[in-house]
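Read through the structure below, which is laid out as structure tokens, and then see the notes.
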Amino acid sequence: MEKIVVVGAGQAGAACVAKLRAEGFAGAITLIGAEAVPPYQRPPLSKAYLLGEMTLDRLLLRPESYYREAGIDLMLGAAVQAIDPLARQITLDGETIAYDALVLATGSVPRRLPAAVGGDLGGVHVVRGLADVDAMAPGMQPGRRALIVGGGYIGLEAAAVARKRGMAVTLIEMAPRILQRVAAPETSDYFRALHRAHGVDIRESVGLTRLVGADHVTGAILSDGVELPCDMVIVGIGIAPDTALAEAAGLTIENGIATDAQGRTSDPAIWAAGDCASFPYRGARIRLESVQNAIDQAELVAQNILGAGLDYHPEPWFWSDQYDVKLQIAGLNTGYDRVVLRDGGAARSHWYYAGERLLAVDAMNDPRGYMIGKRLIAAGISPDPAVVGDAAQDLKPLLQG
């Protein structure tokens, strides 16, 4: 193994190259990013960075000097046009680069509103990369009106920031409730109440028919016939795995770039990690969109390229900051049939069970509940729901089984 090329300079790509060097790989490493800035954190973009509480230099995962000192060829502002699996080389900007192993860490792309409904008007934004947020920030002025399309975590975080910036905010969600795809009704209820208490006009079971305006958005016609004036639209309707390169190269695509348990794609010399990659998990094939997954999966891929032969067993966790509430999530709630409320007043958590088995925890300003729940899930311990639901009982003894 002489040369490893990583396409995608996000969290996964950065974690992969750093792990390769940490594991002692002395060959050539090239990290290619389409953006003009070194790898940076994405989660703070829709929170602290958009609020002006975090500067670009603090966003960076590592200083640019790290890559130079580690002997990693960091190519920024470079778009890969094609992969030639037979020749084991990629093409970008008119040149070819050979590889012995290729890692695709291409991430995901935001779903946008189609031009036919006004998605290409000025003032219509998505929240994904640095350029998106930099373009959005100047329009977030006190007294202006923001429409948030989508009631998932990105939409709710954007709504919180817009309110903090003094904007009038309306959020529409075409599903019957916000967070319907990812959380229980109890968690939806909590965040609906939180946002309404901060002045957000939340409208559920309401979709977008079209946006109006000449060059810049001035309003929206909703599915219930209401015409709503607005100065800015933030679209948070999900992301899709960026599989274009992989698909063109003939790799197997199944809810992302399909990999085996070790991160290898259908081509033995090509690996994938992060948002773009799907992998086997408990008899199914899943894809995780989280910092934790990007780092852990990419580091595992780095080890496996060097011959470790390790299977990926994720321990999922996620977080979201909205106003003065920190939501921390441990586990995956897929298949739950019961939610147990642990109400400690300011600290509150929702515990998801499937039968007697603990699956996941949503913890709102409850770091202790989150940490204990995370450890219980990792250990395969499912505590008595009656104990969990009694906020007067200490959870720590549960870790002893």
Side-chain angles (χ1 to χ4, degrees), residues 1 4-8 10-25 27 29 31 83 85 88 99-108 241-243 245-247 249-318 329-336 352 354 357-361 373-382 401:
M1 186 76 61
I4 300 173
V5 174
V6 180
V7 178
Q11 191 91 52
C16 185
V17 297
K19 189 66 170 178
L20 286 167
R21 282 294 185 243
E23 292 291 314
F25 178 67
I29 300 176
L31 176 60
I83 302 167
R88 291 194 178 179
Y99 63 82
D100 295 305
L102 174 66
V103 180
L104 298 179
T106 48
S108 52
D242 190 348
T243 61
L245 269 177
E247 194 166 359
L251 301 182
T252 299
I253 307 297
E254 185 181 348
N255 183 28
I257 305 170
T259 72
D260 62 15
Q262 296 185 11
R264 188 182 288 103
T265 72
S266 53
D267 183 306
I270 303 178
W271 308 70
D275 284 5
C276 67
S278 67
F279 56 92
Y281 180 78
R282 296 182 179 175
R285 174 166 290 278
I286 67 169
R287 191 173 53 82
L288 294 176
E289 300 165 357
S290 72
V291 168
Q292 166 266 329
N293 177 68
I295 296 172
D296 293 351
Q297 193 176 27
E299 290 185 343
L300 182 97
V301 162
Q303 292 173 285
N304 286 340
I305 289 173
L306 302 180
L310 301 172
D311 286 352
Y312 186 41
H313 299 291
E315 296 178 3
W317 54 265
F318 313 85
I329 303 170
L332 296 176
N333 64 26
T334 306
Y336 77 92
Y352 295 79
R357 181 183 177 194
L358 176 64
L359 298 178
V361 178
K374 185 171 183 285
R375 290 171 63 185
L376 288 169
I377 294 166
I381 299 173
S382 295

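Rounded to the nearest 0.5 Å, atoms CG (Asp260) and CH2 (Trp271) are 7.0 Å apart. Note that CD1 of Ile295 is 13.5 Å distant from CG of Leu300, once rounded to the nearest 0.5 Å. To the nearest 0.5 Å, atom OG1 of residue Thr265 and atom CD1 of residue Ile257 are 8.0 Å apart.
Other residues, nucleotides and ligands contribute more than 12 heavy atoms inside 6.0 Å of the CZ atom of Arg285. Dense packing is recorded around CZ of Arg21, with more than 12 heavy atoms of other residues, nucleotides or ligands lying under 6.0 Å away.
Side-chain atoms of Asn293 come within 3.5 Å of backbone atoms of Leu288 as a donor-acceptor pair (strictly under, hydrogens ignored).
A salt bridge (charged side-chain N to carboxylate O under 4.0 Å, His left out) check over residues 266-283, counting only residues at least two apart or in different chains, returns the pairs Arg128-Asp275.
Residues forming a salt bridge (charged side-chain N to carboxylate O under 4.0 Å, His left out) with Glu289 (at least two apart in sequence, or on another chain): Arg287. With sequence neighbours left out, Ile377 forms a side chain to side chain contact (heavy atoms under 4.5 Å, CB included) with Ala330, Leu358, Val361. With sequence neighbours left out, Tyr99 forms a ring pair (Phe, Tyr, Trp, His ring centres under 6.0 Å) with no residue at all. For Lys19, the side chain to side chain contact (heavy atoms under 4.5 Å, CB included) test picks out Glu23, Glu299, Ala302, Gln303, with sequence neighbours left out. Applying the ring pair (Phe, Tyr, Trp, His ring centres under 6.0 Å) test to Tyr336 and every residue at least two apart in sequence or in another chain returns Tyr352.
Side-chain contact annotation: Tyr312 with Asn304, donor-acceptor N/O pair under 3.5 Å absent.
For the side chain to side chain contact (heavy atoms under 4.5 Å, CB included) test with Leu104, the passing option among Thr243, Val7, Val5 is Val7; the others fail.
Between Pro316 and Leu332 the shortest heavy-atom distance is CG-CG, 3.8 Å.
Between Leu310 and Gln262, every side-chain heavy-atom pair lies at or beyond the 4.5 Å cut-off.
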